[in-house]
Amino acid sequence: MTNTNMTDTNQITAGLPGEAVKVPSRLSWTRIKDHPTLVIGGGIVFIMTLLAIFAPLVAPHDPYFQNIAARTIPPVWYEGGTRDHILGTDQLGRDYLSRLIYGARISLLIGFSAVAIAGVIGTTLGLLGGYFGGRVDMVVTFLTTVRLSLPIILVALAIVAVFGGSITIVVIVLGLLKWDRFAVVVRSSAAQISRLDYINSARAAGASTFYILTREVLPNLAPQLIVIATIEIASAILMEAALSFLGLGVQPPTPSWGLMISEAKSYMFFSFWLIAIPGVALATLVFAINLAGDGLRDLISPDGRG
Amino acid sequence: MGIYLAKRIGLAVLVALFVSILAFGLLRLQGNAATALAGEGASPQDIAIIVETYGLDRPLVVQYATWLGNALTGDFGTSYFFKRPVAELIVSKVGNTVTLAVLSLGIALALSIPLGVLAAVYSGSWIDRVCSLISLMGQALPSFFLALCLVMVFAIQLRMFPASGTGSWQHFVLPAVTLGYYITPPFMRLVRAGMIDALSNDYVRTARAKGLPAHRVVLKHALRNALVPVVGLVTVQLGLLIGGSVVIESIFALDGLGYLAYQSISYRDFPVLQAVVLLLSLVYVVLTLLSDIVNAWLDPRLRVS
């Protein structure tokens with residue numbers, strides 16, 4: 001079994017000297033297995049996603065239940081910790097582990113939804129600009145330049161301040177702001193692909209522009225899109241945390257990791273773990289997503305420059 | 001070069017104009033700016049006074065034109081909260097932000113150039129992998145969490161630096177370290193990619209073949225050429241620096257533009273917020289314009305497309 005895999009990879013990566021080697025971007029397990037970063041990162045993300053989905057089953061307590069008599073109980077490994085609250089309780093006596101698990105829901109939900117919106121906007125703009133070129137491309141480039149000029153966090157903060165903070169608002173704002181990387185990458189790839197012979201053949205065969213864009217161009221961009229989406233999800237999760245930390249994102253009592261850190265700020269001298277636990281959770285999730293993204297990029301473009 | 005210059009400057013002006021429309025329109029999204037300004041529970045008289053003072057009853061286009069016209073002469077109106085001219089407020093804060101930006105840029109370059117070069121020279125080896133691991137971990141650590149950790153250790157426990165505020169050079173240390181660390185990973189990737197490109201050039205091979213010592217080939221021949229595109233890309237990443245400074249200045253209550261913007265959002269101080277959004281965007285527009293011009297001047301191939 002191992003032997004066949006070895007030859008597979010050898011065949012794929014071997015090319016004639018001086019010839020650009022194009023690796024088929026099949027995401028098969030035999031290929032994935034050779035990228036430990038992808039396996040480790042993807043594994044952590046997978047576990048955290050499962051925990052988030054099944055939060056009601058996994059969480060030991062109600063994340064909203066306040067118990068004034070049991071405030072800031074330290075985690076079990078500190079003196080004074082109890083088995084009942086493994087990660088302790090917060091300043092309102094809510095079970096910290098349960099809040100942490102429900103917090104993963106918020107982070108992942110916002111990260112995935114915002115990037116889905118951004119991906120659709122950016123990919124559409126990029127496809128149009130790259131395929132049509134000329135004036136259309138000028139408009140797309142212009143919009144991208146305008147978007148890049150705006151300080152994203154400031155605009156997000158301002159919009160959330162005007163409309164009020166909620167999960168929906170944060171998703172929409174991040175979705176409307178984070179499409180630039182999709183547009184830039186898709187635009188240049190689509191421009192290259194549009195000049196290839198098979199696109200001309202499709203045109204000659206009478207295929208509609210819509211068909212060519214969605215069936216001939218887009219599938220070739222899928223691997224790149226997956227990599228960008230991964231990185232952008234990580235960045236959207238961090239941005240949600242920052243917005244919530246500044247008080248202009250998800251509102252209390254929703255358990256968002258950024259908000260949990262913000263709420264624990266005044267207790268940080270005596271109960272630093274209230275900040276450390278969600279902080280480490282956030283860093284772990286983002287690290288795992290980026291690690292998986294890096295692995296995916298290696299899998300797709302092994303020259304290491306991407 | 002003349003045509004390229006004219007086109008590029010024209011684009012920058014258009015972008016700046018469009019950004020100004022967005023900066024102005026952003027805060028009118030909600031509809032009634034006067035009620036938003038006055039806050040909940042304001043009396044009709046209060047609202048009438050605000051409408052009168054800010055001319056909010058005029059058509060939006062007129063309001064925008066007036067605002068832009070005044071802005072071009074350096075008059076951004078009067079802050080609703082601070083009761084001072086916005087331009088004066090901004091001038092008084094800009095120094096702190098520039099100091100913070102320069103310090104953190106210095107920290108970021110001091111970290112990212114050696115690490116990026118190392119990763120490129122030993123590309124594919126364990127050194128490269130350690131460097132990319134460092135960069136990934138840096139990217140994953142939320143800046144505000146790092147800020148609180150630094151405050152805990154260096155301000156609360158060791159009492160070496162103040163936890164927040166402005167006034168002395170010590171106040172800049174923790175914010176600059178946080179912000180510098182925050183922008184290091186993308187810089188490192190840029191340096192690495194630029195160096196890999198530079199090292200694959202023929203003149204590097206020639207230098208190697210001549211028998212020059214490895215460090216001279218890397219530092220003198222490759223790095224110098226790698227840095228040109230990197231400088232251009234770094235300016236593009238400045239958006240990150242500007243955005244990061246908003247979060248970090250707010251955490252450390254460092255009295256710069258970012259903190260001013262955060263305060264103006266909290267107080268719904270629209271004139272200030274509009275001005276800061278416009279100015280920060282303009283900084284980006286001007287810097288990318290300069291970097292494009294410098295690059296086109298250095299590399300004539302870029303002028304054609």
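By convention in this document, chain letters (A, B, ...) are assigned in the order of the sequence lines, proteins followed by strands, and residues within each chain are numbered from 1.
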Checklist entry - Looking at A:Phe245, does the NZ or CZ of A:Lys265 lie under 6.0 angstrom from its six-membered ring centre and within 45 degrees of the ring axis? => result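 Yes, a cation-pi geometry holds between A:Lys265 and A:Phe245.
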Checklist entry - Considering only heavy atoms, which portion of A:Leu248 lies under 4.5 Å from any heavy atom of chain B: side chain, backbone, both, or neither? => result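 The side chain, not the backbone.
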Next on the checklist: Please classify the contact between A:Ala241 and chain B as side chain, backbone, both or neither, with a heavy-atom cut-off of under 4.5 Å.
Outcome noted: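 Both the backbone and the side chain of A:Ala241 come within 4.5 Å of chain B.
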Checklist entry - In terms of the angle between their ring planes, are B:Phe18 and A:Phe142 parallel, tilted or perpendicular, with boundaries placed at 30° and 60°? => result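 If you compare the ring of B:Phe18 with that of A:Phe142, the planes turn out perpendicular.
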Under a 4.5 Å heavy-atom cutoff, which of [options] has the most pairs with chain B?
options	result
A:Thr141, A:Ile237, A:Val146, A:Ile289	A:Val146
A:Thr145, A:Leu246, A:Leu291, A:Leu238	A:Leu246
A:Ala276, A:Gly293, A:Ala283, A:Ala242	A:Ala283

Next on the checklist: Counting only heavy atoms not in B:Leu158 (residues, nucleotides, ligands), do more than 12 fall under 6.0 Å from its CG?
Outcome noted: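 Atom CG in B:Leu158 is packed in, count exceeds 12.
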Item to check | Closest heavy-atom pair and its distance - B:Ser143, B:Ile248 | outcome: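 What the structure gives for the nearest pair is CB-CD1, 4.1 Å.
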Item to check | Option passing side-chain contact (heavy atoms from CB on, under 4.5 Å) with A:Ser256 (candidates A:Val250, A:Leu282, A:Leu243) | outcome: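 Running side-chain contact (heavy atoms from CB on, under 4.5 Å) over A:Val250, A:Leu282, A:Leu243 with A:Ser256 returns exactly one hit, A:Val250.
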Next on the checklist: I'd like to verify something: which residue of B:Val246, B:Leu287, B:Leu136, B:Val247 has the highest number of heavy-atom pairs under 4.5 Å with chain A?
Outcome noted: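 That would be B:Leu136.
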Checklist entry - Who among B:Val277, B:Leu141, B:Val285 has the most heavy-atom pairs with chain A under 4.5 Å? => result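 Ranked by contacts with chain A, first place is B:Val277.
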